[in-house]
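One structure follows; several queries about it will come next.
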Amino acid sequence: MTNPTAAALIERSNRLGADPKNTNYAGGNTSAKGTETDPVTGQPVDLLWVKGSGGDLGTLTEQGLAVLRLDRMRALVDVYPGLDREDEMVAAFDYCLHGKGGAAPSIDTAMHGLVDAAHVDHLHPDSGIAIATAADGEALTSTIFGDRVVWVPWRRPGFQLGLDIAEIKAKNPQAIGCILGGHGITAWGDTSEESEQNSLWIIDTAAAYIEANGKADPFGGVRAGFEALPEAERRERAAALAGTIRGIASTDKPMVGHFTDSDVVLDFLASERAPELAALGTSCPDHFLRTKVKPLILDLPVTASASEQIARLHELHAAYRDDYQAYYDAHATAESPAIRGADPLIVLVPGVGMFSYGANKQTARVAGEFYVNAINVMRGAEALSTYSPISDAEKFRIEYWALEEAKLQRMPKPKSHQGRIAFVTGAASGIGKAIATRLAAEGACVVIADLDLEKAQAAAAELGNTDVAIGVAANVADADAIQAALNDAVLAFGGIDLVVNNAGLSLSKPLLETTEKDWDLQHDVMAKGSFLVSKAAARVLIDQKLGGDIIYISSKNSVFAGPNNIAYSATKADQAHQVRLLAVELGEFGIRVNGINPDGVVRGSGIFASGWGANRAATYGVAEEDLGQFYANRTILKREVVPENVADAVFVLTGPELSRTTGLHIPVDSGVAAAFLR
């Protein structure tokens with residue numbers, strides 16, 4: 001049973017974290033001190049419950065709390081070796097844990113344990129950070145809050161900061177919290193309710209003061225030629241740039257992307273002072289750890305063509321990498337971790353929007369959210385004063401902190417397809433759905449493209465939220481519809497790495513009963529459709545310069561001459577040869593093209609359910625419900641083929657094990673000798 005003090009802490013944390021005005025995703029931490037019965041002695045023991053490292057307040061559960069014995073945690077003051085060795089104190093927290101201790105204690109644990117208050121909130125609100133990053137933040141703190149809130153000069157999070165705030169609390173009994181220079185706010189209270197109310201009072205009071213006293217145009221006027229494009233036009237331009245920008249952000253390691261064209265972003269990019277302020281970078285540690293020290297911002301107007309913008313982006317990227325290397329070289333010491341990559345995580349395109357990047361979709365999306373926070377912070381600071389973030393030297397101390405490196409090393413090993421973005425056609429059911437499911441399970445972001453949008457979205461929802469999968473409408477026989485679907489894909493995830501041409505249908509008829517309409521329909525969907533999808537996707541793959549995979553779900557019938565399916569088998573043969581042709585043509589770009597030849601996939605198949613099964617069963621003289629076993633009985637292995645078997649083949653072909661394989665067709669048919677490839 002959850003301790004009542006811990007339960008109240010979780011409820012307070014969830015309320016605070018649910019509102020973005022209070023703190024950013026995974027930003028800040030909260031705590032509560034209370035009593036529990038020691039299971040060893042049976043006596044009461046004073047404990048500290050505090051949000052653990054890496055957790056998010058809005059979704060915090062009991063498992064996300066670190067639980068420490070308060071007496072042992074506070075006894076660390078007596079062995080504190082001083083500022084130069086304060087990082088050692090994080091490891092010491094492990095010796096203060098109660099029982100298994102829950103989550104790993106964060107660097108801010110000292111702040112919560114040492115402050116003499118039953119409840120403490122440390123948050124990163126935009127309004128509070130605006131005051132914290134203002135050049136005259138100390139004076140503003142006094143003006144806005146009087147003696148109820150105390151200014152704390154910038155200090156890197158750690159044990160010493162905890163000691164500092166504890167001393168401030170002791171010397172200022174009237175105070176309800178602090179503004180932490182360059183960082184955020186901390187508030188406290190005797191009860192959970194009081195701590196929450198004090199936090200909200202600081203946040204709301206700061207916001208109200210900025211609103212009432214700030215300049216109307218803190219970013220200056222509008223730059224002519226940098227205004228936001230109309231929505232349809234800017235999203236089309238964003239899609240045209242997405243592949244190139246993702247390639248830029250993925251020079252050192254592959255990244256997933258996210259696109260934002262909110263008014264906050266577009267208005268900032270249209271302003272006169274955007275280039276100047278963007279160059280100053282972010283300040284709150286949570287911000288620049290997610291967004292890098294500063295963004296890459298395009299310096300061309302919206303009237304420039306896409307090709308001109310692409311050329312300039314490459315030039316700016318080269319300069320950005322040189323600048324980041326110089327930043328690293330200027331501040332690194334012999335003990336510093338190796339450089340983690342010199343590519344931008346935030347790319348700003350005036351008139352179009354913001355591209356943000358991370359190892360997965362959630363990280364990419366959150367990076368964008370953090371930069372929106374940074375824009376709000378700059379607006380507030382400039383409205384009242386001058387935006388003055390912490391120095392690059394201090395940013396480096398955070399970014400390449402040994403404790404931050406240790407946190408990164410604790411991250412679980414990525415799955416085989418993490419960071420890859422898959423576009424699967426005909427994926428709302430059958431083989432396509434099984435492929436999408438397997439790829440998502442292996443860490444890929446998945447775009448389920450299907451003729452039926454509602455079914456595509458439902459299938460995507462089964463895989464997870466929109467950080468995992470989205471559903472898009474795609475008539476593969478229509479080039480414009482394909483381009484629209486791919487645009488949706490690249491704006492959702494940043495690009496495309498893996499294309500599966502799976503959409504298909506079949507009509508089982510002998511030659512004399514096959515109409516021209518039958519022939520055209522099947523060739524439009526499968527032969528022409530695969531061609532159109534591959535052509536449109538290849539543009540993105542080539543722009544990214546990251547290689548990629550194109551998979552064709554062909555058929556045993558592409559090489560086997562069976563009865564009563566002239567149109568279907570001919571179009572499957574067309575698909576099979578597209579594999580060979582595209583493998584040769586796209587190989588120079590590192591794009592692998594392979595095919596899979598299934599047979600007898602009856603269970604879960606949309607094709608068989610739509611009448612093909614009944615026709616094939618009649619052709620072979622068996623009951624339709626026995627068709628799957630009929631196919632299995634005629635194979636060498638005598639085993640039925642199901643959609644998941646085809647998905648397994650896609651997984652292997654697109655994984656690291658066959659990275660040197662292209663132009664291959666893999667039979668997934670339980671062994672049909674007449675369809676052996678020669």
Side-chain angles (χ1 to χ4, degrees), residues 1-20 22-74 76 89-115 117-124 157 162 184 186-200 286 362-363 366 403 406-407 410-412 464-465 467:
M1 181 180 295
T2 303
N3 182 285
T5 300
L9 170 63
I10 293 168
E11 291 174 3
R12 174 173 106 236
S13 303
N14 292 163
R15 286 192 299 270
L16 289 170
D19 191 337
N22 298 331
T23 200
N24 43 256
Y25 176 84
N29 29 67
T30 52
S31 68
K33 302 175 182 76
T35 303
E36 180 69 272
T37 300
D38 189 323
V40 175
T41 66
Q43 299 300 309
V45 58
D46 291 333
L47 300 178
L48 169 70
W49 290 269
V50 58
K51 192 204 82 170
S53 177
D56 171 54
L57 290 176
T59 56
L60 184 67
T61 64
E62 186 173 9
Q63 289 69 39
L65 293 173
V67 188
L68 298 88
R69 287 187 51 137
L70 190 58
D71 58 344
R72 293 182 65 83
M73 190 269 138
R74 287 180 167 171
L76 293 177
M89 303 306 290
V90 174
F93 291 149
D94 290 344
Y95 295 92
C96 306
L97 298 176
H98 178 68
K100 293 184 178 180
S106 77
I107 189 64
D108 287 316
T109 299
M111 179 194 306
H112 293 273
L114 299 179
V115 169
H119 301 268
V120 178
D121 298 328
H122 168 58
L123 304 170
H124 299 153
T186 295
W188 47 75
D190 292 332
T191 66
S192 185
E193 293 76 11
E194 185 180 40
S195 184
E196 182 176 0
Q197 289 170 4
N198 288 342
S199 295
L200 295 175
D286 266 19
Q362 183 199 48
T363 306
V366 169
L403 296 177
K407 183 190 296 185
R410 289 197 301 269
M411 298 288 287
N465 61 26
D467 287 343

- prompt: Is there side-chain contact between Leu114 and Met73, with heavy atoms separated by less than 4.5 Å?
  reply: yes
- prompt: Going from CE on Met89 to CD1 on Ile107, what distance comes out if it is rounded to the nearest 0.5 angstrom?
  reply: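 CD1 of Ile107 is found 10.0 Å from CE of Met89.
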query: For the residue pair Phe93 and Ala110, what are the closest heavy atoms and their distance?
result: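 Taking every non-hydrogen atom into account, CZ-N, 3.8 Å.
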Thr59 backbone acceptor or donor facing Asp56 side chain under 3.5 Å: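 Side chain of Asp56 to backbone of Thr59, a donor-acceptor pair under 3.5 Å: yes, one is there.
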message: Under a 3.5 Å distance rule, please check whether Thr23 uses its side chain to pair with a backbone N or O of His124 as donor and acceptor.
response: yes
task: For Ser195, enumerate each residue passing the side-chain hydrogen bond (donor to acceptor under 3.5 Å, both in side chains) test, keeping only those at least two apart in sequence or located in another chain.
output: Asp121
Mind listing the side-chain donor-acceptor pairs of residues 43-54 below 3.5 Å, one per line with the distance, residues two or more places apart or on another chain?
residue	atom	partner	partner atom	Å
Asp46	OD1	Thr35	OG1	3.3
Lys51	NZ	Gly28	O	2.6
Lys51	NZ	Gly55	O	2.8

field: Nearest atoms (heavy-atom pairs only) where Leu9 meets Ala32
entry: CD2-N, 3.9 Å
- line: Which of Arg12, His112, Glu193 passes side-chain contact (heavy atoms from CB on, under 4.5 Å) with His119? Answer is Arg12
statement: Those residues at least two apart in sequence (or on a different chain) that pass side chain to side chain contact (heavy atoms under 4.5 Å, CB included) with Thr2 are Ala6, Ala7, Glu62
field: Gly113 to Leu70 - nearest heavy-atom pair and separation
entry: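 Where Gly113 meets Leu70 most closely, the heavy atoms are O-CD1, 3.9 Å.
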- prompt: What's the verdict on side chain to side chain contact (heavy atoms under 4.5 Å, CB included) for Leu60 and Asn14, showing C-alpha distance, side-chain angles and the deciding distance?
  reply: CA-CA 6 Å; Leu60 184 67; Asn14 292 163; 3.8 Å; yes
field: With sequence neighbours excluded, residues passing side-chain hydrogen bond (donor to acceptor under 3.5 Å, both in side chains) with Asn24
entry: Asp286
- line: Nearest heavy-atom approach of Ala117 to Gly189 is CB-O, 4.2 Å
field: Sole residue of Val120, Asn29, Val115, Asp108 in side-chain contact (heavy atoms from CB on, under 4.5 Å) with Thr186
entry: Val120
message: Side chains of Asn22 and Leu57, heavy atoms from C-beta outward: is any pair under 4.5 Å?
response: no
Set of residues satisfying salt bridge (charged side-chain N to carboxylate O under 4.0 Å, His left out) with respect to Arg74, sequence neighbours excluded: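 Once residues adjacent in sequence are excluded, Arg74 has no partner under the salt bridge (charged side-chain N to carboxylate O under 4.0 Å, His left out) criterion.
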field: Gap between atom CD1 of Ile10 and atom OG1 of Thr5 - 0.5 Å precision
entry: 11.0 Å
field: Thr30: side-chain hydrogen bond (donor to acceptor under 3.5 Å, both in side chains) partners, not counting sequence neighbours
entry: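 For Thr30 the side-chain hydrogen bond (donor to acceptor under 3.5 Å, both in side chains) partners, ignoring immediate neighbours, are Ser13.
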task: Calculate, to the nearest 0.5 Å, the distance between atoms CG and CD belonging to Asn3 and Glu36 respectively.
output: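 Going from the CG atom of Asn3 to the CD atom of Glu36 covers 4.5 Å.
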message: To the nearest 0.5 Å, what is the distance between CG on Leu16 and OG on Ser199?
response: 6.0 Å
task: Of all the heavy-atom pairs spanning Ala103 and Ala66, show the shortest one and how long it is.
output: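 Heavy atoms of Ala103 and Ala66 come nearest at O-CB, 3.3 Å.
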